[in-house]
Protein chains: 2
Amino acid sequence: MTTASKTVSDVIHSHLGVLTRAEKQLAESLLDNYPVSGLGSITTIAENAGVSTPTVVRMVQKLGFKGYPDFQARLHLEVEATISNPIAKHDRWAQNAPGTHILNRFADAIMGNLRQTLTDLDTATFDSVASLLSDRKRGLYFVGGRITGALAEYFFTHMQVIRPATTLLSSNSSSWPQYALNMNAGDILIIFDIRRYEQEMVSLATAARKRGAEIVVFTDQWGSPAAKLARHTFRVRIEAPSAWDSSVVTLFIVEALIEAVQNSTWDETKERMKTLEGLFEQTKLFRKPG
Amino acid sequence: MTTASKTVSDVIHSHLGVLTRAEKQLAESLLDNYPVSGLGSITTIAENAGVSTPTVVRMVQKLGFKGYPDFQARLHLEVEATISNPIAKHDRWAQNAPGTHILNRFADAIMGNLRQTLTDLDTATFDSVASLLSDRKRGLYFVGGRITGALAEYFFTHMQVIRPATTLLSSNSSSWPQYALNMNAGDILIIFDIRRYEQEMVSLATAARKRGAEIVVFTDQWGSPAAKLARHTFRVRIEAPSAWDSSVVTLFIVEALIEAVQNSTWDETKERMKTLEGLFEQTKLFRKPG
DNA sequence: ACTGTCATGAAAAGAAATTTTCAGCGGATG
DNA sequence: CATCCGCTGAAAATTTCTTTTCATGACAGT
């Protein structure tokens, strides 16, 4: 066979370029939860992928197999190889990585963090924050520290598209008092502050509270001192097998919040995004293509 | 179903006593190399076991299954459970949250992304990139787009602490040519570019290549055009139940890389970090947790 | 030895899967 | 705007799989 030593996954990847729309759709479906997704009959996988059975036949033939049975036989071999390997037995998803590889240890840790964080997290808090952030009458201010500044920026960039009146505070704390001065009652200050808490953060939070602003804090399980001044606090697990803390779960919550806000204000956001897209497109028109 | 919570293997074992000779022979064959041996058609497994197909039907019905397809469907589920990872098992997650809550839907999606990404990811690529980034003789340049700029910044912030000669390119592409001009042969350009690929990224990558720089690209499963110019490419799953793509898994890989680099250059890094800590303490910008 | 019971597989019948055919549709091109 | 080309899925044709039927043979009890 021409596809001798490569895995079906490899073959699919190497053919992605020559696949048509429906075939790509099928390929995605197969690669998702690979290789188990290819265990069933041609009818089943066609249905799962939302394409017709002829499309399946055409694709597997395009990939170099004689027909669907040929394709499936190959998949079965791969499943067998995977399962029969005692090392891979429990860790198929990291099959390429030795058990002690940093990727695996990281994945374990992050999974634990996510599970723990979600267990501890009150969905009412999440929903309340989403609701606060959806209120367009409130100004939003984002601030983070040395490391968490990137998270604040990420959150800010998205919210800026979704709604007006969003402000990103510089990571440099010397300019913070000026921002606090501009806050109005009902505005929201979103603080990212994990260990090695920044002292200035408390001053900023205090000033914001005096101006009547609500405070939302993303911190770690030990809690930023600024959390005492907050209306809502997200305590996120940040432990990783590393000298550094992990921001993965924090980013996870940020993204979920972005979607929650976007979803609850979709009607208002839609037009806004369209306009913005137009602006981006226009800007690109004036540049030379690469 | 009567055989609800037990595995097929359990069911077979508990029925061994009531099986006839040919059925026992079949059962042995199935348990040998279980559960993969049950992947094929009824004809196949009958042949492998040296019995007739009616024997197979009779046995699976004796075991409590409706017929062979029922039996096989169950086996497929077990194969899937065996192959899939702990990540997929989210039973106890977010107990406080309804199954349809955005947090849970997001968690599902991110878990899938992580699993898929790790499955597709070659650890050799990861290790090669970690090794490249550990080479202090090479200058590092980080660049991202509108959304991914925050990721580039996050990566940069950490690497800046760990090693010298790191540069963060502005998100504004107009300044990129100047950076390219400063690159030397062997320098590394780390590009973050997910869909809505930025056209200028290709120009930058081309310019960097001309200067002899190596390119590492973080992109999505569809692949940034800049990936064609890259020495190494990370294809990360970014799908989320959201109007926006998810950067969680990308951040995961970034953090793992940070640790890998830090770990491989610890001796050199240690002193550097101590010095930096001292500087931070001195300026009282950062405090220890209280 | 006779008889009844049960296991077993060959073969037929039935069901389902796989492949092929073909018409419609939509985007590309002139 | 017309034409072409290739993708796509409905449906038919074909192949394969699954189940049922039934004849045979082994064995236990009479």
Side-chain angles (χ1 to χ4, degrees), chain A residues 1-3 8 11-12 15-31 35-80 289, chain B residues 1-3 8 11-12 14-31 35-77 79-80 222:
Chain A
M1 185 181 300
T2 57
T3 53
V8 173
V11 176
I12 294 179
H15 283 74
L16 272 182
V18 299
L19 296 185
T20 65
R21 178 192 56 75
E23 287 168 352
K24 274 210 185 80
Q25 189 176 328
L26 169 62
E28 296 293 341
S29 170
L30 283 176
L31 291 176
V36 180
S37 43
L39 243 43
S41 71
I42 192 173
T43 316
T44 311
I45 70 162
E47 273 178 8
N48 284 344
V51 301
S52 64
T53 55
T55 298
V56 180
V57 174
R58 279 188 293 259
M59 193 191 75
V60 299
Q61 287 178 347
K62 200 181 268 187
L63 295 183
F65 299 96
K66 197 183 159 199
Y68 185 73
D70 184 29
F71 169 81
Q72 198 175 42
R74 179 66 87 74
L75 264 186
H76 283 172
L77 283 180
E78 282 186 28
V79 170
E80 175 165 8
Chain B
M1 188 182 298
T2 57
T3 53
V8 173
V11 176
I12 293 179
S14 70
H15 284 73
L16 271 182
V18 298
L19 295 184
T20 66
R21 178 194 54 77
E23 287 168 354
K24 274 207 184 82
Q25 188 178 328
L26 169 62
E28 296 294 340
S29 170
L30 283 176
L31 291 176
V36 183
S37 41
L39 243 43
S41 72
I42 193 173
T43 316
T44 312
I45 69 164
E47 275 177 9
N48 285 344
V51 301
S52 66
T53 57
T55 299
V56 180
V57 173
R58 278 189 294 261
M59 191 190 76
V60 300
Q61 287 176 348
K62 202 183 265 186
L63 296 182
F65 299 96
K66 198 184 159 198
Y68 184 74
D70 184 29
F71 169 81
Q72 198 174 43
R74 178 65 87 74
L75 264 185
H76 282 173
L77 283 180
V79 170
E80 174 163 11
W222 301 281

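To find a chain, count down the sequence lines: A is the first, B the second, and so on, and within it residues start at 1.
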Whole-Å distance between [N] [atom2] and [X] [atom1]?
X	N	atom1	atom2	answer
Glu47(B)	dT16(D)	CD	C1'	13 Å
Phe65(B)	dT19(D)	CZ	C1'	17 Å
Ile42(A)	dG9(D)	CD1	C1'	13 Å
Asp70(A)	dT15(D)	CG	P	18 Å
Lys24(A)	dC7(D)	NZ	P	11 Å
Lys62(A)	dG6(D)	NZ	P	12 Å

**OP:** Name every residue in residues 48-59 of chain A that has at least one heavy atom under 4.0 Å from any atom of DNA chain C, in order of residue number, or write none if there are no such residues.
**Re:** Thr53(A), Pro54(A), Val57(A)
For the [atom1] atom of [X] and the [atom2] atom of [Y], what is their distance to the nearest 0.5 Å?
X	Y	atom1	atom2	value
His76(A)	Leu39(A)	NE2	CG	4.5 Å
Leu30(A)	Leu75(A)	CG	CG	7.5 Å
Gln61(B)	Asp70(B)	CD	CG	10.0 Å
Lys62(B)	Ile12(B)	NZ	CD1	13.0 Å

Subject >> Of Glu23(B) and Lys66(A), the one whose closest DNA chain C nucleotide lies more 5' >> reply: Glu23(B)
With the side chain counted from C-beta on, respond yes when [X] and [Y] share a heavy-atom pair under 4.5 Å apart, and no when they do not.
X	Y	result
Phe71(B)	Ile42(B)	no
Glu47(A)	Thr53(A)	no
Met59(A)	Val56(A)	no

**OP:** Please work out if Gln25(A) contacts a base, only the sugar-phosphate, or nothing of the nucleic acid, heavy-atom cut-off 4.0 Å.
**Re:** nothing
**OP:** Provide the closest heavy-atom pair for Val8(B) versus Arg74(B) in the form atom of the first, atom of the second, distance.
**Re:** CG2-CG, 3.4 Å
**OP:** Write down the atom of Ile45(B), the atom of Gly40(B), and the distance for their closest heavy-atom approach.
**Re:** CG2-O, 4.5 Å
Original post:
How would you give the extent of chain A contacts on DNA chain C, as first and last nucleotide 5' to 3' within a 4.0 Å heavy-atom cut-off?
Top reply: dA17(C) to dT20(C)
